[in-house]
Amino acid sequence: MSDSGRGTEYYWCTRHHRVETQADVCPAMYVLGPYRSKSDAENALQSVQERNDAWDEEDRRWAGEER
């Protein structure tokens, strides 16, 4: 059975360090998301780190700071 039911959104709570749904989601200042699946929400911090690394690299290239 899939954990990505129709219409269900998942969030990663940075306060409780857990996946939450619309039924129990903390205030927006504490959550990342929404995500389509529980798995995506569980990996939210990794996704954020990868995105930040890519943006930092792009900033370095734009500024002419080749690695």
Side-chain angles (χ1 to χ4, degrees):
M1 188 166 172
S2 173
D3 64 359
S4 58
R6 185 178 298 251
T8 301
E9 293 180 330
Y10 299 88
Y11 302 83
W12 179 255
C13 178
T14 59
R15 181 168 61 170
H16 296 111
H17 306 282
R18 68 178 184 204
V19 173
E20 299 178 343
T21 64
Q22 299 102 311
D24 66 350
V25 68
C26 284
M29 67 185 290
Y30 298 113
V31 297
L32 301 173
Y35 296 94
R36 290 184 177 186
S37 71
K38 183 177 179 181
S39 176
D40 287 345
E42 289 171 336
N43 295 309
L45 294 178
Q46 179 180 344
S47 298
V48 166
Q49 184 62 52
E50 290 170 359
R51 190 174 322 127
N52 286 345
D53 290 346
W55 288 344
D56 288 346
E57 181 61 30
E58 180 62 27
D59 286 346
R60 282 189 290 277
R61 279 195 304 268
W62 186 81
E65 302 171 11
E66 296 295 325
R67 272 193 182 196

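Computed over heavy atoms, backbone and side chain alike; hydrogens, waters and symmetry mates excluded.
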Min side-chain heavy-atom separation [X]-[Y] under 4.5 Å:
X: Q49; Y: D53; answer: yes
X: L32; Y: V48; answer: yes
X: R51; Y: S47; answer: yes

Reference residue W12; test side chain to side chain contact (heavy atoms under 4.5 Å, CB included); the match among L45, D40, N43: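 Single side chain to side chain contact (heavy atoms under 4.5 Å, CB included) partner of W12 among L45, D40, N43: L45.
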
Would you find a donor on one side and an acceptor on the other, under 3.5 Å apart, between the side chain of Q22 and the backbone of Y10? no

Between NZ on residue K38 and OG1 on residue T21, distance to nearest 0.5 Å: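 So the gap between those two atoms works out to 10.0 Å.
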
Y35 reachable from V25 in the ILVMFWY side-chain graph, under 4.5 Å edges: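 V25 does not cluster with Y35.
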
Give a yes or no on whether a salt bridge exists between R18 and E20, defined as a side-chain N under 4.0 angstrom from a carboxylate O. yes

Please name the pair of heavy atoms, one in V31 and one in C13, separated by the smallest distance, quoted to 0.1 Å. CG1-CA, 4.0 Å

side-chain hydrogen bond (donor to acceptor under 3.5 Å, both in side chains) against E50, all qualifying residues, sequence neighbours excluded: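 If we apply the side-chain hydrogen bond (donor to acceptor under 3.5 Å, both in side chains) test to E50, skipping adjacent residues, the hits are Q46.
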
